Amino acid sequence: MRTEIVRGPEGIEQAAHWIRQGWPVAFPTETVYGLGANAFDETAVARIFAAKGRPADNPLIVHVLGADDPAWSRLVAEPVPKEAVALWERFWPGPLTLILPARPEVPALVRAGLETVAVRAPSHPVARALIAAAGVPLAAPSANRSGRPSPTTAEHVYEDLAGRIPVIIDGGPTEAGVESTVVDVTRRPFLLLRPGATPREAIEAVVGPLGQPDAASSRRSPGTRHRHYAPRAPVSWLAEDDLPAIQAWLTQAGWSGRWGLLAPEAVVRAISAPVAFSLGADPWEAARRLYAGLRELDRAGVERILVVWSQRQGVGEAVANRLAKATGEGESAATVAPLFLLFVCSGNTCRSPMAEALWNRLQGPLRAQSAGVAAVEGLPAAAEAVRAVAPWGADLSRHRSRPLEAVEGTPLWVLTMTRAQAEAVRRRRPEWADRVRLLTEMVGEDREVADPIGQGQAAYDILATQLVGWLERLRAQLVPAAEGKTEP
Ligand code: TXA
Ligand code: MG
């Protein structure tokens, strides 16, 4: 798929057309660029996850025109706490996201299975025109590859998602530069889940002190656990901007070679660094320049980055929060939950490992795993299965079977061979109930995939050929086809 960069009313119309076709498009908001798709179209939402490689347990924000949007009654369940009304009356349209009780018809993928939905009304005229033209609410995360700094220009989006999405609407650099503030109004006191472009102090002036998320609520906003906003170069963060302290830190660290400094203007002037990017003179400017700075230093080829930032007032709290996430805050990149499909059969020695291996021979951000509802731990794949997938370039020789209970993380979809297996998954992993599908159902066929065991090599060879066909169709639904094939 060729990714087009478009502008103006015609560009918005073109993007709205793609949304109606079920594809995600990138668009500017007042905070960062978003990657939006019809929130009520599950396949379109799955395509957002596939394009970003976003962990499937991280829910999305639904973008509407306001609390009077015609879609509101399909999104938000009553009763809504009345202080929440005060918040949207004061801050919408604008960079505030509210966690509200969800209507059951909001697709489980949007909510990551939670009983709440995140809603915001952006103020950017292009975002509003797009929502209006598409005629549907837009589920939209930031338009970066998962884990990377959020995009504040159309070029940043292109850098991360070229070839994976049809259109980017270029609306110039975004104004705030950091994401919306996320407040959970389903709990008392209201919880600040993510500091952002609407300062905490402004919100507290309306509804009183906000609570801090504890371990339980961070489970409720699962995406906030993963490493985020990270450039390629490792980031160190020094939370003070007193010059002698910075000098002392540098002497002690003994950095040499090509390192980069991202700091307030006054610090950039005083400290000599091989490469430097200024965060400007005040917190709003720092917020606006933060992600561009991280990407710029990567582009300059630095080996590591020192960020100097000490303020925690106003939007400074959001800058500090993003820096904590970018440095990993005790998590290594390896703990970032990857996006994956889970194929399931009975013993996890033939059908599901064949599907897994045949899927994984294709490149892309969406990987596959497999498991069995009646699997014994640690058995190799059947010899016939190993032989059947080999001509397709797939290797099953190191596969070891595992039961459903051994799977960690949240799959995008759980794809079973039979209806009985689907039932067994729903029973044993109820948290995945909304994600379970019959594999063939996903590609418009409605039949079970029979167990080839005991039927000789030919049965396995036929199964491999069938699986290749189904998986290619499934992939074409989720991942854009090669250049030029899916123009409108
Ligand atoms: O400014 C923004 O909010 C941007 C622009 C595009 O609107 N969007 C954005 O989306 O930052 P994203 O997906 O990068 O961040 C969404 C945040 C995540 O931390 C997610 O966990 C949280 O909102 N979230 C979404 N739904 C939630 C829910 N039902 N409960 C708790 N947290 C939720
Ligand atoms: Mg994001």
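Keep in mind it's a predicted model, so treat the numbers as computed, not measured. Atoms within each ligand, like the ligands themselves, are counted from 1 in listed order. What's counted below: heavy atoms across the whole structure, side chains too, no hydrogens, waters or symmetry copies.
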Is a salt bridge present between Glu472 and Arg475, judged by a nitrogen-to-oxygen distance below 4.0 Å?
-> no
Quick one: list whatever passes ring pair (Phe, Tyr, Trp, His ring centres under 6.0 Å) with Trp88, sequence neighbours left out.
-> Trp72, Trp92
Quick one: does Arg120 get a heavy atom under 4.0 Å from ligand 1?
-> yes
Leu193 neighbourhood, listing ligand 1 atoms whose heavy-atom distance to it stays under 4.0 Å = 31 (C), 32 (N)
Salt-bridged, Glu159 to Arg299, with N to O below 4.0 Å?
-> yes
Under 4.0 Å from any heavy atom of Gly34, which atoms of ligand 1 are there?
-> 6 (C)
Nearest to atom 25 (C) of ligand 1 by heavy atom, Ser150, Ala197, Gly113, Pro59: which?
-> Pro59
Short list, please: which atoms of ligand 1 are under 4.0 Å from a heavy atom of Thr31?
-> 1 (O), 2 (C), 4 (C), 5 (C)
Ligand 1 to Thr29 polar contact by distance, N or O atoms, under 3.5 Å | no
Option whose closest heavy atom lies nearest to atom 15 (O) of ligand 1, chosen from Arg194, Glu179, Lys325 = Arg194
Give the contacting part of His63 toward ligand 1: side chain, backbone, both or neither, where contact means a heavy-atom distance below 4.0 Å.
-> side chain
Considering the heavy atoms of Ser142, write down every atom of ligand 1 situated less than 4.0 Å from one of them.
-> 8 (N), 9 (C), 10 (O), 12 (P), 14 (O)
Can you tell me if CD on Glu265 sees more than 12 non-hydrogen neighbours from other groups inside 6.0 Å?
-> yes
Could you tell me whether Tyr33 and ligand 1 have an N or O pair separated by under 3.5 Å?
-> no
May I ask you to list the atoms of ligand 1 that are less than 4.0 angstrom from any heavy atom of Leu114?
-> 28 (C), 29 (N), 30 (N)
Hey, is CD on Glu10 packed in by over 12 heavy atoms from elsewhere, all under 6.0 Å?
-> no
So with a 6.0 Å cut-off around OH of Tyr158, is the heavy-atom count from everything else above 12?
-> no
Indicate yes or no: does Arg120 engage Glu30 in a salt bridge with an N to O separation below 4.0 Å.
-> yes
Ligand 1 contact on Arg54 by region, counting heavy-atom pairs under 4.0 Å | side chain
When Asp160 is tested against each of Arg54, Arg145, Arg295, Lys52 for salt bridge (charged side-chain N to carboxylate O under 4.0 Å, His left out), which residue passes?
-> Arg295
Stacked cation flag Arg429 on Trp432, 6.0 angstrom / 45 deg | yes
Might you confirm whether atom CD of Glu405 has over 12 heavy atoms from other residues, nucleotides or ligands at distances under 6.0 Å?
-> yes
Protein N, O or S atoms lying under 2.8 Å from the Mg ion (ligand 2), listed by chain and number | Ser142 OG
Quick one: do Glu296 and Arg289 make a salt bridge, cutoff under 4.0 Å?
-> no
Compare Asn58, Val32, Thr97 and give the one whose heavy atom is closest to atom 21 (O) of ligand 1.
-> Asn58
Relative to atom 28 (C) of ligand 1, which among Asp57, Leu35, Ile99 owns the nearest non-hydrogen atom?
-> Ile99
Charged tip of Arg74 within 45° of Phe40 ring normal and under 6.0 Å | yes
Any salt bridge between Asp282 and Arg288, counting N to O under 4.0 Å?
-> no
